[in-house]
Amino acid sequence: MIRELIHDDAVLSQPCAAATAEDAAIAQDLVDTLAAAEDAACLAANQIGETKAIAAFVDDEERVHVIYNPKMLLGLGAYMAEERCLSHEEIVSVKRFAKVKVSFEELVDGKLVARRRDYTGFVAQMVQHMIDHCNGKLV
Ligand SMILES: [Zn+2]
């Protein structure tokens, strides 16, 4: 179901609660809403008003990924990036890492499975932006 995007800082600045397999419906809404949003490659659950640590993003090959409870383990190659956010109009300068190691969970056959993955480039930047959202941090 396509949901409305939230622009309320009181919701967006709340650290999100840990997500569970029961939150699969929220994850689906996130995927639907992301697909319907123009010029958007990533979306966190609190941007549709659900303060659960779930995010969806589209990778370089146009594949959609949903990550539950993402956490950054390691970042290499700090640089300053210019970023925009669906929830805020203005372009902001923010410190990002070129390469990150991230732990997260993925829903497989109705159960959350722990994963670890390295990301680089634009996907790494999106994932860091998503993790910030899950922590209630806005660029
Ligand atoms: Zn954002």
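Everything numeric in this text was worked out from a predicted model, so none of it was measured. Values below: every heavy atom of this structure, side chains too, minus hydrogens, waters and symmetry copies. Each ligand, and each atom within it, is numbered from 1 in the order the structure gives.
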Tally of protein N/O/S atoms under 2.8 Å from the Zn ion (ligand 1)?
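Protein heteroatoms (N, O, S) closer than 2.8 Å to the Zn ion (ligand 1) number 3.
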Could you note down all residue pairs passing side-chain hydrogen bond (donor to acceptor under 3.5 Å, both in side chains) where residues 129-139 supplies at least one of them, sequence neighbours left out?
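Those involving residues 129-139 are Glu83-His129, Arg96-Asp132, His129-His133.
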For the residue pair Ile54 and Val66, establish whether any side-chain heavy-atom pair is separated by less than 4.5 Å.
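Ile54 reaches Val66 side chain to side chain.
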Counterpart residues, salt bridge (charged side-chain N to carboxylate O under 4.0 Å, His left out), relative to Arg116 (two or more places apart)
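Salt bridge (charged side-chain N to carboxylate O under 4.0 Å, His left out) check on Arg116 returns nothing, list empty.
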Is it true that Arg63 and Glu61 have a side-chain N and a carboxylate O under 4.0 angstrom from each other?
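Yes, Arg63 and Glu61 are salt-bridged.
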Which pairs count as salt bridge (charged side-chain N to carboxylate O under 4.0 Å, His left out) when at least one residue sits in residues 25-49, sequence neighbours excluded?
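Every salt bridge (charged side-chain N to carboxylate O under 4.0 Å, His left out) pair that includes a residue of residues 25-49, provided the two are not neighbours, is Arg3-Asp29.
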So does Arg115 have more than 12 non-hydrogen atoms from other groups sitting under 6.0 Å from CZ?
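Enclosed: over 12 neighbouring heavy atoms sit under 6.0 Å from CZ of Arg115.
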